[in-house]
Amino acid sequence: MVLQELGDKLTGALRRLQTTTVVNDDVLNDLLQDVCRALVESDVNIKVVATLRKGIKEKVNLADAPAGLNRRKMVQRAVMEELVRLVDSGTKPYQMKKGKSNVIMFVGLQGSGKTTTIAKYANYYQRKGWKTCMVCADTFRAGAFDQLKQNATKLRVPFYGSYTEADPVRIAEEGVQQFRSEGYEVIIVDTSGRHKQEEALFEEMKEIQAAVRPDNVVYVMDATQGQAVFDQAQGFHQAATVGSVIVTKLDGHAKGGGALSAVAATGAPIIFLGSGEHFDDLDVFNPGSFISRLLG
Ligand code: GDP
């Protein structure tokens, strides 16, 4: 389970609330301390944690509350709601439209898991019966087209790309045009994720975006990057108007809390979590059910 350690700590803190005979300010403060410590330890930004703490305090007014079970419920509900808010951007993700060409452009830094995630995403929609295809507009990284092609072949998803054309904008435009005319419903466009030349990368992203007019731009972000992701996510968001986010590598050792909370704060909703290297390792993300599951 993703973020097992954080889940265990939060559950432990809420369980202690069950065993106290009275719920007073001391009990609430102890609980808040445990919850906040657990979040900080799992890499959530300290300012974000402070906002959560304030939010819970504002929701829980013990002085006016009747004694007994209701107080406990009130505290639990406030903690739950504020945890959901932590991973909820407050915006509705793009809804894929049946019978129409939905062009979905993927962006993200090299190594973030973008190409793998594209395969998972294609697999997800294809299995649900959507006519799905891929376009490789990453002409920067040697081997990018081969990797996409291999995945597409395994998934039996049509693909478009070129070994000779060096202009990613042209490939993206031609590929999307071809698949649009063939009535494909989910047209996934992979873009370059080069490091260290961010200016050039962002410029290219803008050009591809202008050429293919995507219905949604999906930003792929690596959870193992911890709190650094906040600036990265904002940079991409400004350059390409990111519509949704997929957080990868939440299996393994990622603390994950930093990524999840930082991304939500950029205003783009998280739509999936990547939890492994296989095509099936992609989980639909919903803030409410994610927090419910986290709390067991
Ligand atoms: P790209 O450069 O962004 O296209 O990244 P790739 O898709 O090539 O992925 C980089 C590495 O991360 C590969 O070894 C992938 O197998 C791995 N990877 C991608 N997503 C996940 C994930 O959710 N979990 C794990 N453990 N590894 C992942």
Side-chain angles (χ1 to χ4, degrees), residues 1-6 42-43 87 104-125 132 134-155 157 159-162 168 171-172 175 188-198 200-202 204-205 208 214 217-226 228-229 232-233 235-237 239-240 242 244-260 262-263 268 270-285 290 293-294:
M1 157 73 182
V2 162
L3 295 174
Q4 183 74 52
E5 212 178 305
L6 173 62
S42 118
D43 234 3
V87 291
I104 315 294
M105 174 175 160
F106 272 65
V107 301
L109 287 180
Q110 197 166 307
S112 61
K114 185 162 47 64
T115 311
T116 309
T117 304
I118 283 174
K120 294 178 184 180
Y121 188 86
N123 182 39
Y124 176 85
Y125 280 102
T132 305
M134 303 178 189
V135 177
C136 179
D138 180 357
T139 51
F140 187 77
R141 181 166 63 95
F145 181 39
D146 276 331
Q147 195 186 346
L148 181 133
K149 202 166 131 180
Q150 250 174 31
N151 290 340
T153 308
K154 275 191 210 147
L155 293 169
V157 165
F159 58 90
Y160 186 96
S162 169
I171 295 181
I188 307 169
V189 183
D190 192 6
T191 64
S192 157
R194 69 184 80 165
H195 274 302
K196 298 187 187 92
Q197 291 171 296
E198 285 202 342
L201 167 63
F202 288 161
E204 184 176 304
M205 265 166 41
I208 294 177
V217 176
V218 177
Y219 171 54
V220 177
M221 199 202 59
D222 178 348
T224 60
Q225 298 291 306
V229 299
Q232 280 174 20
F236 273 90
H237 197 46
V242 170
S244 4
V245 178
I246 298 180
V247 182
T248 62
K249 307 187 193 176
L250 272 160
D251 48 320
H253 302 298
K255 286 185 180 173
L260 291 173
V263 163
I270 299 170
I271 50 170
F272 287 104
L273 302 180
S275 55
E277 299 184 77
H278 300 289
F279 294 153
D280 288 336
D281 297 330
L282 189 72
D283 305 315
V284 173
F285 183 82
F290 177 75
R293 261 193 298 140
L294 190 66

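Sequence positions, counted from 1, serve as the residue numbers for this chain. Note that ligands are numbered from 1 as they come in the structure, with each ligand's atoms numbered from 1 the same way.
Within the structure, ligand 1 lacks Gly108 among the residues with a heavy atom less than 4.0 angstrom away. The closest approach between any non-hydrogen atom of Asp251 and ligand 1 is below 4.0 Å. The shortest separation from a heavy atom of Ser112 to ligand 1 is under 4.0 Å, placing the residue in contact. Distances from ligand 1 to the non-hydrogen atoms of Thr117 include no value under 4.0 Å.
Closest of all the heavy-atom pairs between Asp138 and Gly193 is OD2-N, 4.4 Å. In terms of heavy atoms, Ala172 sits closest to Ile208 at CB-CG2, 3.8 Å. Summarising the geometry of Asp281 relative to Lys120, their closest heavy-atom pair is O-NZ, 3.0 Å, with the distance given to 0.1 Å. Taking all atoms of both residues into account, the shortest heavy-atom contact from Gly161 to Ile171 is CA-CG2, 4.3 Å. Here the shortest heavy-atom pairing between Val247 and Ala223 reads CG1-CB, 3.7 Å.
The single protein non-hydrogen atom nearest to atom 4 (O) of ligand 1 is Thr115 OG1, 2.6 Å, given as residue, atom name and distance. Ranking protein heavy atoms by distance to atom 8 (O) of ligand 1, first place goes to Gln147 NE2, 3.1 Å. Remark: minimum distance from atom 2 (O) of ligand 1 to any protein heavy atom is reached at Gly111 N, 2.7 Å. Taking atom 27 (N) of ligand 1 as the reference point, the nearest protein heavy-atom neighbour is Glu277 CG, 3.4 Å. Scanning all protein heavy atoms for the shortest distance to atom 21 (C) of ligand 1 gives Gly276 O, 3.4 Å. Protein heavy atom in closest approach to atom 7 (O) of ligand 1: Thr116 OG1, 2.5 Å.
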side-chain contact (heavy atoms from CB on, under 4.5 Å) between Phe290 and Leu273, intermediate numbers included: CA-CA 10 Å; Phe290 177 75; Leu273 302 180; 3.7 Å; yes
Stepwise side-chain contact (heavy atoms from CB on, under 4.5 Å) test for Thr117 and Phe272: CA-CA 10 Å; Thr117 304; Phe272 287 104; over 6 Å; no
side-chain contact (heavy atoms from CB on, under 4.5 Å) between Gln225 and Lys249, intermediate numbers included: CA-CA 10 Å; Gln225 298 291 306; Lys249 307 187 193 176; over 6 Å; no
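Taking every non-hydrogen atom of Leu109 and a distance limit under 4.0 Å, the qualifying atoms of ligand 1 come out as 3 (O). Annotation for ligand 1: atoms under 4.0 Å from non-hydrogen atoms of Gly274 are 23 (O). Listed by number with element, the atoms of ligand 1 under 4.0 angstrom from any heavy atom of Ser275 are 23 (O). Per-residue contacts place Arg141 under 4.0 angstrom from the following atoms of ligand 1 (heavy atoms of the residue considered): 4 (O). Atoms of ligand 1 lying under 4.0 Å from at least one heavy atom of Lys249, given by number and element, are 12 (O), 18 (N), 21 (C), 22 (C), 23 (O), 24 (N), 25 (C), 27 (N), 28 (C).
When heavy-atom distances to ligand 1 are checked against a 4.0 Å cut-off, Ala144 has no atom that comes that close, whether in backbone or side chain.
At distances below 3.5 Å, at least one donor-acceptor pair connects side-chain atoms of Lys114 with backbone N or O atoms of Thr191. No donor-acceptor pair under 3.5 Å is formed between the side chain of Thr115 and the backbone N or O of Leu148.
Heavy-atom proximity to atom 3 (O) of ligand 1, evaluated over Lys114, Gln110, His278, is greatest for Lys114.
Separation of the Phe236 and Phe202 ring centroids falls under the 6.0 Å cut-off.
Below 3.5 Å of separation, one finds an N or O of Gly113 facing an N or O of ligand 1.
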